[in-house]
Structures are given as C-alpha cells and as structure tokens.
Amino acid sequence: MRQAGIYSGILAGGRTGPHLLPLARIKKIMKKSGDNVNMISGEAPIVFSKACELFIEELTRRSWMVAMQRKRRTLHKEDVASAVITTDIFDFLVNLVSADSTNPTPFASVAMETVLESS
C-alpha cells in the first residue's frame, strides 16, 4: 500500500525526489505532441512523470492479479490485455491491445519505433 503523503511534494512545490522516468524524455514527448507546444514549465514534466508512474503501477497491479488467477508468477501480454479489457478505466486502451498473442498490436510497433528513435 502507498503511504500517505508520498506525492505531496508536487502540491507543496517542493522537491519530489528521484524520478523513475526521465524528465528530459517526458519533456521531449510533450513537445512532439502538438504543433504549438513550444514552452513547457518545469513542473509539468514532474506531474506527467508521477501520473505515468501511477498509471503503470495500476495497470501492472491489475495485470498481476490476472496472472495470479491463472496461477502464474510471470506477466504476459495476455494478462495486460485482460486487465485492460476487464477494467472500465482502461477503456481507452481496448483498441490498442489484443487478446490474441499471435497478432502484434499496432501499439507494439509504434512503441518499439519510439524506443528506437529516442535511443
């Protein structure tokens, strides 16, 4: 369980500690997201970083529950897909995941291109 106040540094304006996601990369993605995004405040990437961390944590937790129900201790693509399909808050991802592991999803190829491009 998360401790109370662990993310309160964002609201207080204080230092938020080490980031799990690189802020420079987040800022780069933010700038590429639109034609008229030129200036980004220093706090915006920090908030996006924390939001991404929370999103990944929640998706991983729900995927892990699926894996445990299937009596496995390793997450597979199918576990993530099942978690997305069965959770209402992840409805925006339903088109990106596929329960069929033999067909690569469009998201997987886009994600790989992004990783290779940013390296």
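The structure places OG1 of T60 at 7.0 Å from CG of L75, a figure rounded to the nearest 0.5 Å. Rounding to the nearest 0.5 angstrom, the gap separating the SG atom in C52 from the CD1 atom in I29 is 8.0 Å. One distance of note links CG of L20 with CD of E57; it measures 9.5 Å at 0.5 Å rounding. The structure places CD1 of I46 at 9.5 Å from CD1 of I26, a figure rounded to the nearest 0.5 Å. The CD1 atom of I89 sits 9.0 Å away from atom CG of L59, with the distance rounded to the nearest 0.5 Å. Summarising the geometry, atom CD belonging to E58 is positioned 5.5 Å from atom CZ belonging to R61; distances are rounded to the nearest 0.5 Å.
Here the two rings, on F55 and F90, have centers that are under 6.0 Å apart.
Counting heavy atoms from C-beta outward, F48 and E53 have side chains that stay 4.5 Å or more apart.
Summarising the geometry of I40 relative to K27, their closest heavy-atom pair is CD1-O, 3.8 Å, with the distance given to 0.1 Å.
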Per-pair distances, 0.1 Å, donor-acceptor, side chain in residues 79-87, under 3.5 Å, sequence neighbours excluded:
from: D79; atom 1: OD1; to: R70; atom 2: NH1; distance (Å): 3.1
from: D79; atom 1: OD1; to: R72; atom 2: NH2; distance (Å): 2.6
from: D79; atom 1: OD2; to: R72; atom 2: NH1; distance (Å): 2.9
from: D79; atom 1: OD2; to: R72; atom 2: NH2; distance (Å): 3.3
from: D79; atom 1: OD2; to: H76; atom 2: N; distance (Å): 2.8
from: S82; atom 1: OG; to: R70; atom 2: NH2; distance (Å): 2.8
from: S82; atom 1: OG; to: E78; atom 2: O; distance (Å): 3.0
from: T86; atom 1: OG1; to: S82; atom 2: O; distance (Å): 2.8
from: T87; atom 1: OG1; to: A83; atom 2: O; distance (Å): 2.7

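Residues V94 and I56 share a single hydrophobic cluster, defined by chaining ILVMFWY side chains whose heavy atoms lie under 4.5 Å apart.
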